[in-house]
Each structure stands twice: as structure tokens, then as C-alpha cells.
Protein chains: 2
Amino acid sequence: MPDADLDALDQAILSRLQVDSRTIAESIGAQVGLSAAAVQRRIKRLRETGVIAKEVAVVEPKAVGAHMTFVVSVEMERERIEVLEAFRKQVLTDGAVQQCYYVTGSADFVLVVVCRDMTEFEAFTRRMFFDNGEVRHFTTSVVMDRVKVGLTVPLNGG
Amino acid sequence: MPDADLDALDQAILSRLQVDSRTIAESIGAQVGLSAAAVQRRIKRLRETGVIAKEVAVVEPKAVGAHMTFVVSVEMERERIEVLEAFRKQVLTDGAVQQCYYVTGSADFVLVVVCRDMTEFEAFTRRMFFDNGEVRHFTTSVVMDRVKVGLTVPLNGG
DNA sequence: TGTGAAACCAGCAGCTA
DNA sequence: TAGCTGCTGGTTTCACA
């Protein structure tokens, strides 16, 4: 559902909801010059058309004992479609993988991985890379600071 | 606020809210064996203690014309604290930067950047890298597929 | 815009560790 | 005692006409 052409009002609504999805319609309406009901109608439409993909709670990793984050670049042995597909599936089912991007360049995949500690990360690398004959090489970067973390998308009128 | 020791009930609640923050308390309660009021109390506490950092709407990038995603590794000229701090600030204010991690290894920062098209990305690299004398080198990977994108944190009882 | 339904929130009492 | 539960009434927010 690409480009569900959104007017400035929709964009203003989205820019609020991207920051705080609990903002009540009345408050948004006051800001953008719309009645609460009108705002709710637009939000409903944004949900139905898939512009708003989902609404989620963001959990502070440290608060649940997930103290370490890693950025891992992965290079596959061969770029056969089956190999890539199998790796995709593995990634999707593994809870430690927060994000995975299939990219151009020297690496094939870039992963963001969240673990309790180094031991857990080692277990992760074993099940994901060493036990997988199709992984040629991987490079780990330890995250020292999560400078900016979000899924916010730039909106022209944002 | 590290390790606000959460029991299995809290974890079960979080695992639902991480996927869909609009899940109503009654539904969660039915699943975990708790009254709606009790669930609401716990959610409130999780918000107040910062375990739930925020609740956000996730916007489908393509739906708002953001068709391209990039993973960019950045190496700074010198690792002086001022230089790093200045870069941090720039990152935080730039809407195209969705995520930024300060990492160990050959790169200093890893960015996830979202743009409408290549032209916009070129403008981004100019203002962020070329106009910044402290950036020694950067490497761009174009994202072909966002295999897995989220901020979900693994919960032991998840 | 307004009305009905639904979800959330605060106060109270009882139970358990 | 402290903390948590379930219950209930009052309020806010939402959804639909």
C-alpha cells in the first residue's frame, strides 16, 4: 500500500503518534486545528490502510536485564536464494535478533542483536553462525551507547 | 533504573505490549490469569518505573514516501570527546537518522538512515559527512530488504 | 456534533508472605 | 506490615451515527 497520499493534517497526526501513541485525539486536534472526532477518524483510516503498521510499547532493555547490544555484519558463503531464505527464517524466529537488514556491499546482512551478557551472545553466535555452514564470515561491533534508537520515519511536515 | 525485578506476570504483560500496545487489559488478564484492574495497575507501574520507556505508532515507511533505507558505518578523524559529542547532537536533530549506535571496532558509529530517494540521501551525506571535517570515512550499505525491524527486547518468559 | 459503549483509574477490603 | 489481588463506582476516551 504505497503512498496513500497523506495531507499535512495526516502527517501532523502521525508525527505525534510516532513519538507517543497514547496522545489523546483531543490533544492532537487542538494542535492541528481539528475536532477530536475528525482526528479519530483519520487515525482509524491510517490504521486500516496500513500507514500505521502497528502500535507497540518500547521496553527499556536494561530494565529487563538485556544489558548488551551488538551490531553484526554477516557474509554468506554463497548467495543462493535458498540459503538467504533459510537465514531469514532463522533470524525471524530468534528472539535475540532485534533487527535484520539484507544489504548490498561486502556484507549480506546487518543484524542488531540484544543479549543479557557476553555468554548469551556467544551462545547466539554459535547457533546462528557457527552451526550454519553457509555463513562465511561475521563481524561484531559492541554497542557502547545507543545514541538514537527508534523507528521514526521522517515526514515532510514533521 | 536497572533491573526493576519483574515477575513472570510482568514479563507476560510486556511481551504482549511489545507486539501490540493497544491490547486491552482484560484480554491480557484472561491470558495470564489476572483481573483487568490488576493488569492495569501493573502496566501503570511499568510505565512509571521506566520499564516501558514509551509507546509509539510504527509508520510504514513506504506509505509516506520513504522508500530507501541505508546502513552507514562512520569513522571519525579523532576520537576526541568533543568531536563525538558534536556528532551525537547532529545525529539527534537530523530526521533522516532513524537510529545511531556508538560502537567498538573499526567504525565509530553505525547509523540507520531513511530517505525518500538517492538524491535525498546524497544531501544527507553532504550535510552529515562531507561538511564535517571530523569524519574520516563512511561506508554505505543500501538496504534491499528490511527482514526484521522492531525494538522488541527478549524477555526470558517471552 | 453528540450519544452510547468501552476502557481506564482510584478507593476499599481481604488474603498471603 | 507491606504488597498484591479482586471488586465497584466514577471518569475519560473512543466509536459510530
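All values below were derived from every heavy atom in this structure, side-chain atoms included, with hydrogens, water molecules and symmetry-related copies excluded. Lettering follows sequence order; numbering is per chain, from 1.
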Hits for side chain to side chain contact (heavy atoms under 4.5 Å, CB included) against A/Lys54, two or more places apart or cross-chain, chain-then-number order -> A/Val56, B/Val58
Do B/Leu151 and A/Gln99 come close enough that some side-chain heavy atom pair is under 4.5 Å? yes
Ignoring hydrogens and angles, write down the donor-acceptor pairs under 3.5 Å from the side chains of residues 140-147 of chain B, residues two or more places apart or on other chains.
unit_1, atom_1, unit_2, atom_2, d
B/Asp145, OD2, A/Arg88, NE, 3.2
B/Asp145, OD2, A/Arg88, NH2, 2.9

For residues 96-108 of chain A, which residue pairs pass the salt bridge (charged side-chain N to carboxylate O under 4.0 Å, His left out) check, not counting sequence neighbours? none
Atom CG of B/Leu46 to atom C1' of D/dC4: distance rounded to whole Å? 14 Å
Any pair with a residue in residues 28-42 of chain B that passes salt bridge (charged side-chain N to carboxylate O under 4.0 Å, His left out), sequence neighbours left out, goes on the list, sorted by first then second residue, please. B/Asp7-B/Arg42, B/Asp10-B/Arg42
Show me the donor-acceptor pairs, under 3.5 Å and distance only, between side chains in residues 117-124 of chain A and residues at least two apart or in other chains.
unit_1, atom_1, unit_2, atom_2, d
A/Asp117, OD1, A/Thr119, N, 3.2
A/Asp117, OD1, A/Glu120, N, 2.8
A/Glu120, OE2, A/Arg116, N, 3.3

Please enumerate all protein N or O atoms sitting under 3.5 Å from an N or O of nucleotides 14-17 of chain C, with distances to 0.1 Å.
none

Can you list everything that forms a side chain to side chain contact (heavy atoms under 4.5 Å, CB included) with B/Glu134? Sequence neighbours excluded, please. B/Met76, B/Glu77, B/Arg78, B/Val83, B/Asn132
Got a sec, which residues hit ring pair (Phe, Tyr, Trp, His ring centres under 6.0 Å) with A/Phe109, two or more places apart in sequence or on another chain? A/Phe87, A/Tyr102
Any chance you could list the contact pattern along nucleotides 5-17 of chain D? Use B for base contacts, S for sugar-phosphate-only contacts and - for none, protein heavy atoms under 4.0 Å, 5' to 3'. BBB-----SBBS-
